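This report refers to the structure that appears directly beneath it.
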Amino acid sequence: AYSGSQKRELVNFKKYKYMYKESGFEFIKPEKISFEKQIKLFLSAKGIVGVNGSAFSLSTLMKNESKVVEIFPKSFVDPAISNICAAADLKYGFYIEDSYRPRIGDHWVRDANSKINADLIDHEEIINFFN
């Protein structure tokens with residue numbers, strides 16, 4: 001997803017896309033549609049999953065108990081949307097590429113321009129969260 005000058009991508013994803021389609025997901029690139037259409041989509045969505053980005057801030061428009069899953073690269077994890085979802089009574093989950101956790105606090109690398117390897121994500125685990 002593009003966020004101003006920042007770029008985050010999910011690479012090697014094509015081979016997993018069918019799993020999401022079979023589970024009823026639609027694929028939308030928020031940066032390619034109008035803001036008005038983005039608002040309408042979030043108002044009607046029962047759940048969203050995607051690479052973290054500013055479009056997730058619209059999740060506050062979703063109905064209570066809707067589900068949100070953010071996918072993070074290991075180099076950039078941000079709690080902002082989890083806080084928004086808690087306030088909006090949404091069910092929130094996140095997946096960090098390869099389930100990465102820093103060993104000690106000062107080992108965090110913050111790089112908002114990231115390529116996330118889809119091979120390092122358990123897509124079944126994410127899809128099951130929505131069922």
Side-chain angles (χ1 to χ4, degrees):
Y2 293 97
S3 172
S5 62
Q6 298 171 349
K7 183 177 179 185
R8 290 181 281 283
E9 294 179 79
L10 189 58
V11 297
N12 301 324
F13 180 68
K14 283 186 179 176
K15 59 188 161 189
Y16 303 104
K17 197 170 184 175
Y18 78 94
M19 295 170 67
Y20 291 87
K21 282 188 172 182
E22 285 178 357
S23 296
F25 285 87
E26 294 177 42
F27 291 84
I28 295 149
K29 292 187 176 187
E31 70 273 12
K32 302 275 188 195
I33 60 175
S34 71
F35 186 61
E36 183 179 347
K37 188 161 186 187
Q38 288 178 46
I39 290 171
K40 287 179 181 176
L41 282 168
F42 277 86
L43 283 168
S44 65
K46 294 178 180 136
I48 59 168
V49 61
V51 175
N52 78 299
S54 59
F56 275 96
S57 62
L58 294 177
S59 59
T60 59
L61 301 173
M62 297 169 70
K63 291 182 175 88
N64 290 3
E65 302 290 309
S66 295
K67 296 180 178 179
V68 176
V69 171
E70 277 187 290
I71 299 171
F72 291 100
K74 58 188 171 187
S75 61
F76 184 82
V77 179
D78 188 335
I81 301 303
S82 66
N83 295 332
I84 288 172
C85 289
D89 197 21
L90 302 175
K91 295 186 183 301
Y92 176 84
F94 65 96
Y95 199 97
I96 300 173
E97 179 184 32
D98 203 18
S99 297
Y100 172 88
R101 299 289 186 278
R103 290 198 176 92
I104 52 177
D106 56 358
H107 280 198
W108 282 110
V109 176
R110 304 253 319 154
D111 182 3
N113 299 297
S114 311
K115 290 187 185 303
I116 303 166
N117 187 345
D119 292 329
L120 300 178
I121 294 170
D122 186 339
H123 299 281
E124 283 185 35
E125 185 176 47
I126 290 172
I127 290 168
N128 287 338
F129 177 73
F130 290 91
N131 296 330

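Everything quoted here is computed from the prediction, not taken from an experiment.
- Judged as a side chain to side chain contact (heavy atoms under 4.5 Å, CB included), and not counting sequence neighbours, the contacts of Asn131 are Ile127, Asn128.
- Cluster annotation: Met19 and Ile126 are assigned to the same hydrophobic cluster (Ile/Leu/Val/Met/Phe/Trp/Tyr, side-chain heavy-atom contacts under 4.5 Å, transitive).
- For residues 54-70, the salt bridge (Lys or Arg N to Asp or Glu O under 4.0 Å) pairs, not counting sequence neighbours, are Glu65-Lys91.
- Residues passing the salt bridge (charged side-chain N to carboxylate O under 4.0 Å, His left out) test with Lys15 are Asp119, sequence neighbours excluded.
- With Leu90 as the partner, the side-chain contact (heavy atoms from CB on, under 4.5 Å) test is satisfied by one option alone out of Val68, Ile84, Thr60: Val68.
- Here the NZ-CD distance, from Lys32 to Gln38, works out to 12.5 Å after rounding to the nearest 0.5 Å.
- Between Ala118 and Tyr16, the shortest heavy-atom contact is O-CE1, 3.6 Å.
- Heavy-atom minimum distance, Pro73 versus Asn52: CD-OD1, 3.9 Å.
- Both Leu61 and Tyr92 belong to a single network of hydrophobic side chains, linked directly or stepwise wherever heavy atoms of I, L, V, M, F, W or Y lie under 4.5 Å apart.
- Remark: Asn117 pairs with Asn12 by the side-chain hydrogen bond (donor to acceptor under 3.5 Å, both in side chains) rule, at least two apart or across chains.
- The list of side chain to side chain donor-acceptor pair (under 3.5 Å) pairs with a residue in residues 18-29, not counting sequence neighbours, reads Tyr20-His123.
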Side-chain donor-acceptor distances from residues 39-50 under 3.5 Å, at least two apart:
unit_1, atom_1, unit_2, atom_2, d
Lys40, NZ, Glu36, OE2, 3.4
Ser44, OG, Lys40, O, 3.2
Ser44, OG, Leu41, O, 3.2

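- Environment of CZ in Phe35: sparse, with no more than 12 heavy atoms of neighbouring residues, nucleotides or ligands closer than 6.0 Å.
- Closest heavy-atom contact between Ile81 and Ser59: CG2-OG, 4.3 Å.
- Scanning all heavy atoms of the two residues, the minimum distance from Tyr95 to Ile121 falls at CE2-CA, 3.7 Å.
- Counting all heavy atoms, side chain and backbone alike, Ser82 lies closest to Pro79 at OG-O, 2.6 Å.
- Nearest heavy-atom pair, Ile116 versus Phe72, reported as atom, atom and distance to 0.1 Å: CD1-C, 3.9 Å.
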